[in-house]
A.B. asks: 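Before anything else, here's the structure in question.
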Amino acid sequence: TGEAIGYDDKLTRALYKALQASGMKVANYGTVLLTIADKDKEEVLPLARRFYNLGFNIEATSGTADFLRRHGLCEGSSEIIDSLRQGHVSYIINTIDLDQHNTRFDGYEIRRTAVENNVTLFTSLETVKVLLDVLEEITLSVSTIDAK
C-alpha cells in the first residue's frame with residue numbers, strides 16, 4: 001500500500017526520514033498554495049502562520065486568499081496553474097467539503113496539475129501539521145540576542 005517508515009531517536013527526524021522514504025520532496029523554503037474549504041479555514045490559519053514564520057510565501061485561491069488577507073497572511077494569485085507548471089510552488093494544501101458540491105470540483109484542475117508536475121499536495125491538515133513539525137526542526141532560524 002506504499003507505507004514508509006523512518007527510524008530515529010527523535011520523532012521529528014524519524015518523520016522526516018519517513019516523508020523522504022515515501023518519495024515526498026521536503027522543501028524548507030518556497031511558496032505554499034492554499035485552497036481551503038470554508039469549514040477548514042479557521043483550522044488552517046495557525047498552519048499558514050507557521051509556514052509564514054518559516055519564511056514561506058503564502059498564496060491562495062480567491063476565497064481562501066480573502067480569508068487569509070483579513071489575517072495579514074496572504075496575497076491572492078491569478079496565475080496558479082502556470083506557477084505549478086513552472087515549479088514555483090513547493091506545497092499545495094487543498095481541502096474540500098463533501099457537503100458542498102462546488103468545492104469537490106473547484107480544486108480539480110489544481111490537484112491534477114500538481115500530480116502532473118510532481119508538486120507535493122496535501123488534502124489532510126493533520127499531515128500538514130506533521131510536515132510543519134519536521135520543517136520547524138530542520139530549518140535554521142534566526143533569533144536576536146538581547147544585550148542588557
Side-chain angles (χ1 to χ4, degrees), residues 1-6 11-144:
T1 58
E3 289 94 358
I5 189 168
L11 178 61
T12 50
R13 289 195 306 238
L15 291 169
Y16 176 75
K17 291 175 182 180
L19 292 171
Q20 284 194 313
S22 72
M24 187 179 103
K25 295 186 295 187
V26 180
N28 61 353
Y29 62 90
T31 298
V32 177
L33 172 65
L34 300 162
T35 176
I36 306 297
D38 289 341
K39 69 178 184 63
D40 296 323
K41 284 186 169 80
E42 288 294 332
E43 186 179 354
V44 86
L45 185 59
L47 303 178
R49 281 193 203 286
R50 289 172 69 186
F51 275 114
Y52 181 81
N53 290 338
L54 285 167
F56 282 85
N57 297 317
I58 308 295
E59 291 189 6
T61 52
S62 61
T64 303
D66 290 342
F67 172 79
L68 294 174
R69 198 174 294 117
R70 288 192 303 270
H71 294 88
L73 281 176
C74 177
E75 297 181 17
S77 179
S78 59
E79 301 173 4
I80 291 170
I81 300 301
D82 288 338
S83 291
L84 292 172
R85 288 185 178 136
Q86 294 170 8
H88 297 287
V89 176
S90 301
Y91 302 111
I92 299 171
I93 303 170
N94 175 227
T95 65
I96 60 172
D97 184 348
L98 295 176
D99 295 330
Q100 289 186 304
H101 182 71
N102 63 331
T103 64
R104 282 187 253 166
F105 302 106
D106 285 349
Y108 172 77
E109 187 175 8
I110 292 171
R111 291 188 300 273
R112 188 188 78 208
T113 304
V115 171
E116 289 172 351
N117 291 277
N118 200 28
V119 179
T120 303
L121 170 69
F122 295 97
T123 57
S124 164
L125 297 181
E126 291 301 319
T127 309
V128 173
K129 289 174 188 174
V130 170
L131 171 68
L132 280 162
D133 290 344
V134 169
L135 292 176
E136 288 167 346
E137 179 75 20
I138 68 169
T139 300
L140 176 67
S141 62
V142 177
S143 61
T144 61

A.B. asks: If you look at every heavy atom in Asp66 and Arg69, which pair is closest and at what distance?
C.D. replies: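 Between these two residues, the closest heavy atoms are OD1-NH1, 3.0 Å.
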A.B. asks: Do Glu116 and Arg111 meet the salt-bridge criterion of a basic N to acidic O distance under 4.0 Å?
C.D. replies: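 Here Arg111 does not pair with Glu116 in a salt bridge, since their nearest N and O are not under 4.0 Å apart.
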A.B. asks: Looking at Phe67 and Glu42, what are the two nearest heavy atoms and their distance?
C.D. replies: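 Here Phe67 and Glu42 meet closest at CE1-OE2, 3.5 Å.
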A.B. asks: For residues Leu132 and Leu47, determine if any side-chain heavy atom of one lies less than 4.5 Å from a side-chain heavy atom of the other.
C.D. replies: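 Counting from C-beta outward, Leu132 and Leu47 do come under 4.5 Å.
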A.B. asks: Run Thr113 and Arg85 through side-chain contact (heavy atoms from CB on, under 4.5 Å) and show every step you take.
C.D. replies: CA-CA 7 Å; Thr113 304; Arg85 288 185 178 136; 3.9 Å; yes
A.B. asks: Quick one: are Val26 and Ile138 in side-chain contact, heavy atoms under 4.5 Å?
C.D. replies: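 In short, these two side chains touch, coming nearer than 4.5 Å.
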A.B. asks: Within the 4.5 Å heavy-atom criterion, are Met24 and Leu19 side-chain neighbours or not?
C.D. replies: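 Met24 reaches Leu19 side chain to side chain.
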A.B. asks: Is there side-chain contact between Arg50 and Asp133, with at least one heavy-atom pair below 4.5 Å?
C.D. replies: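 Side-chain contact under 4.5 Å: yes.
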A.B. asks: Search all heavy atoms of Arg49 against all heavy atoms of His71 and return the closest pair with its distance.
C.D. replies: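 In this case the closest contact between Arg49 and His71 is NH1-O, 3.6 Å.
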A.B. asks: Please report the closest heavy-atom contact between Asp40 and Ile96, naming both atoms and the distance.
C.D. replies: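 That closest heavy-atom pairing would be OD2-O, 4.5 Å.
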A.B. asks: Do you know which two heavy atoms are closest between Ile58 and Leu73, and how far apart they sit?
C.D. replies: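 Taking every non-hydrogen atom into account, CB-O, 3.4 Å.
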A.B. asks: Is there side-chain contact between Asn118 and Lys25, with at least one heavy-atom pair below 4.5 Å?
C.D. replies: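 Of all side-chain heavy-atom pairs linking Lys25 with Asn118, at least one is under 4.5 Å.
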A.B. asks: Just how far is it from atom OG1 of Thr61 to atom CG of Leu33, taken to the nearest 0.5 Å?
C.D. replies: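 If we round to the nearest 0.5 Å, Thr61:OG1 and Leu33:CG are 7.0 Å apart.
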A.B. asks: How long is the straight-line distance from CG of Leu135 back to CD of Glu137, given to the nearest 0.5 Å?
C.D. replies: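 Going from the CD atom of Glu137 to the CG atom of Leu135 covers 10.5 Å.
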A.B. asks: Rounded to the nearest 0.5 Å, what's the gap from CD1 on Ile81 to CD1 on Ile110? Could you check?
C.D. replies: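 Separation between the atoms: 5.5 Å.
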A.B. asks: In Å and rounded to the nearest 0.5 Å, what is the CG to OG distance from Asn57 to Ser90?
C.D. replies: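 Reported value, rounded in 0.5 Å steps: 9.0 Å.
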A.B. asks: Looking at Thr64 and Ala60, would you say the former's side chain and the latter's main chain have a donor-acceptor pair under 3.5 Å?
C.D. replies: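 No, Thr64 side chain to Ala60 backbone: no donor-acceptor pair under 3.5 Å.
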A.B. asks: When you measure from the side chain of Tyr91 to the backbone N and O of Ala27, does any donor-acceptor pair fall under 3.5 Å?
C.D. replies: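 The answer is yes, because a donor-acceptor pair under 3.5 Å joins these two groups.
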A.B. asks: Would you mind reporting whether Val89 and Ser83 have side-chain heavy atoms less than 4.5 Å apart?
C.D. replies: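 Ser83 reaches Val89 side chain to side chain.
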A.B. asks: If we only count heavy atoms from C-beta on, is the Leu131 to Phe122 side-chain gap below 4.5 Å?
C.D. replies: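 Answer yes - side chains close enough.
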A.B. asks: Ignoring hydrogens, what is the shortest heavy-atom contact between Asn117 and Leu84? Give both atom names and the distance.
C.D. replies: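 Between these two residues, the closest heavy atoms are CB-O, 3.9 Å.
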A.B. asks: Once rounded to the nearest 0.5 Å, what's the spacing between atom OG1 of Thr31 and atom CD1 of Ile80?
C.D. replies: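 One finds 11.5 Å between OG1 of Thr31 and CD1 of Ile80.
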A.B. asks: Look up atom CG in Asn28 and atom CG in Leu54, then write down how far apart they are to the nearest 0.5 Å.
C.D. replies: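 Rounded to the nearest 0.5 Å, the CG-CG separation comes to 8.5 Å.
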A.B. asks: Indicate the ring-plane relationship of Phe56 and Phe51, choosing parallel, tilted or perpendicular according to the 30° and 60° boundaries.
C.D. replies: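 The rings of Phe56 and Phe51 stand perpendicular, inter-plane angle above 60°.
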A.B. asks: Asp97 side chain to Ala37 main-chain N or O, any donor-acceptor pair under 3.5 Å?
C.D. replies: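 It does not hold such a pair.
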A.B. asks: Are any non-hydrogen side-chain atoms of Lys41 and Thr95 less than 4.5 angstrom apart?
C.D. replies: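 Lys41 vs Thr95: side chains apart.
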A.B. asks: Is a side-chain donor or acceptor of Thr35 paired with a backbone partner of Ile93 at a separation under 3.5 angstrom?
C.D. replies: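 No; judged by distance alone, with no hydrogens or angles, the pair does not exist.
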